[in-house]
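Contents: one structure, followed by commentary.
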Amino acid sequence: MRFVSVLIQHHAGPTGDVLICRKKDGVWEFPTTKVRTNEYPPEAAERAAWEQLGMKITVGKMEMIGHKRPSDGFEEHIANGNITHNTNTKAFWHSYYSAVNKWQSEPQTGVYDEFKWVHPTELAQYEFAGDDANFLAKYDAWVNGREIQNVRMY
């Protein structure tokens with residue numbers, strides 16, 4: 001099973017604010033969807049933005065990928081290009097893609113009740129859960145120029 005989350009920015013680059021979303025009484029999260037059969041992950045990212053936010057985006061590069069084996073429960077997020085673990089067909093994959101707000105439109109209500117545009121260096125100030133929290137533990141270090149340790153995330 002494969003999931004995709006999207007880091008939607010107002011404009012490309014390290015200074016582009018990232019969209020974070022929150023459901024009523026929930027924690028902050030990135031728009032996420034399950035990749036459908038015969039669908040590429042970047043296509044799923046575009047679909048998630050359109051269906052959940054009413055936004056047209058241009059998908060950029062994969063930022064990080066998470067790997068979870070249901071049998072042992074661990075999850076790891078790895079910077080793109082540094083995947084060294086053994087791939088397991090009974091694994092869950094969660095990819096994070098960067099994207100740019102193509103029409104410079106604001107998100108529409110529907111799935112989410114609240115939205116915020118946040119500078120990438122400020123993401124750690126918000127409460128995230130699950131895969132997003134594990135992803136941000138490494139992404140924050142990456143954005144702020146610190147070394148990303150290649151360790152498993154529990």
Side-chain angles (χ1 to χ4, degrees), residues 1-36 39-68 74-83 91-154:
M1 190 175 305
R2 187 163 198 156
F3 295 90
V4 169
S5 291
V6 192
L7 282 73
I8 301 172
Q9 292 184 286
H10 254 307
H11 59 276
T15 59
D17 289 349
V18 176
L19 180 68
I20 57 174
C21 310
R22 183 163 61 179
K23 295 176 182 170
K24 188 174 184 176
D25 300 326
V27 295
W28 292 100
E29 58 187 60
F30 300 107
T32 301
T33 192
K34 194 184 303 185
V35 179
R36 295 177 179 165
E39 181 180 47
Y40 292 108
E43 294 171 333
E46 288 179 356
R47 180 176 51 79
W50 183 251
E51 290 178 354
Q52 297 175 17
L53 304 166
M55 297 176 78
K56 183 69 176 161
I57 62 170
T58 301
V59 177
K61 65 178 183 169
M62 181 194 303
E63 297 291 349
M64 289 192 187
I65 187 168
H67 172 245
K68 181 189 291 184
F74 82 78
E75 173 150 353
E76 56 187 339
H77 283 86
I78 302 141
N80 187 29
N82 296 325
I83 300 172
F92 293 100
W93 293 92
H94 196 150
S95 304
Y96 288 81
Y97 284 86
S98 59
V100 177
N101 184 357
K102 190 173 185 176
W103 295 338
Q104 294 299 300
S105 57
E106 289 301 311
Q108 306 298 312
T109 57
V111 174
Y112 298 103
D113 296 315
E114 190 175 356
F115 311 99
K116 261 187 189 175
W117 292 99
V118 179
H119 192 274
T121 59
E122 298 171 343
L123 286 168
Q125 298 172 18
Y126 295 87
E127 181 184 358
F128 289 83
D131 289 352
D132 289 344
N134 291 334
F135 164 74
L136 282 173
K138 286 196 171 183
Y139 185 75
D140 181 56
W142 193 22
V143 166
N144 289 306
R146 296 188 306 271
E147 183 178 339
I148 303 172
Q149 297 180 12
N150 193 9
V151 295
R152 293 181 173 170
M153 312 289 285
Y154 293 94

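Side chains are part of it too, since the values below use all heavy atoms of this structure and drop only hydrogens, waters and symmetry mates.
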Judged by atom type as modelled, is there a donor-acceptor pair below 3.5 Å linking the side chain of N101 to the main-chain atoms of S105?
yes
So, for P41 and V35, which heavy atoms are closest and what is the spacing to 0.1 Å?
CA-CG2, 4.3 Å
What distance do F3 atom CZ and T33 atom OG1 have between them, rounded to the nearest 0.5 Å?
8.5 Å
Assess the side chains of W117 and E106: does a donor N or O sit below 3.5 Å from an acceptor N or O?
yes
Would you say the side-chain atoms of S98 pair up with the backbone N or O of K61, donor to acceptor, closer than 3.5 Å?
yes
Evaluate the side-chain proximity of Y112 to K24: yes if any heavy-atom separation is below 4.5 Å, no if none is.
no
Which class fits the ring pair Y96 and H94: parallel under 30°, tilted 30 to 60°, perpendicular over 60°?
parallel
Who passes salt bridge (charged side-chain N to carboxylate O under 4.0 Å, His left out) against E39, sequence neighbours left out?
R47
Between Q52 (side chain) and W50 (backbone), is there a donor-acceptor pair under 3.5 Å?
no
Within-4.5 Å side-chain heavy-atom neighbours: H10 and Q104
yes
Are the side chains of Q108 and L53 in contact, using a 4.5 Å heavy-atom criterion?
no
Would you please test L123 and W28 for side chain to side chain contact (heavy atoms under 4.5 Å, CB included) and show each step?
CA-CA 10 Å; L123 286 168; W28 292 100; over 6 Å; no
Tell me, with the steps shown, if V100 and I57 meet side chain to side chain contact (heavy atoms under 4.5 Å, CB included).
CA-CA 5 Å; V100 177; I57 62 170; over 6 Å; no
Do V118 and D17 come close enough that some side-chain heavy atom pair is under 4.5 Å?
no
Flag the pair F30 / F128 as yes when their ring centroid distance falls below 6.0 Å, and as no otherwise.
yes
Q9 and G16: which non-hydrogen atoms are nearest, and at how many Å?
NE2-O, 2.8 Å
Any I20 side-chain heavy atom under 4.5 Å of Y126 side chain:
yes
Before giving the answer on side chain to side chain contact (heavy atoms under 4.5 Å, CB included), spell out for D113 and R22 the whole-Å C-alpha distance, their side-chain angles and the decisive distance to 0.1 Å.
CA-CA 6 Å; D113 296 315; R22 183 163 61 179; over 6 Å; no
Holding to side-chain contact (heavy atoms from CB on, under 4.5 Å), I want the full list of residues that pass it with P42, two or more places apart in sequence or in another chain.
Y40, V59, Y97
Given salt bridge (charged side-chain N to carboxylate O under 4.0 Å, His left out), test R36 with E51 step by step and report yes or no.
CA-CA 14 Å; R36 295 177 179 165; E51 290 178 354; 3.5 Å; yes
Under 4.5 Å between any side-chain heavy atoms of W103 and M55, yes or no?
no
Should the heavy atoms of other residues, nucleotides or ligands under 6.0 Å from CD of E127 be counted, would the total exceed 12?
no
Hey, what do you get for CG (D132) to OG1 (T32), rounding to the nearest 0.5 Å?
5.0 Å
Got I8 and V18 here, is their nearest side-chain heavy-atom distance under 4.5 Å?
no
Quick one: does P31's side chain get under 4.5 Å of C21's, heavy atoms only?
yes
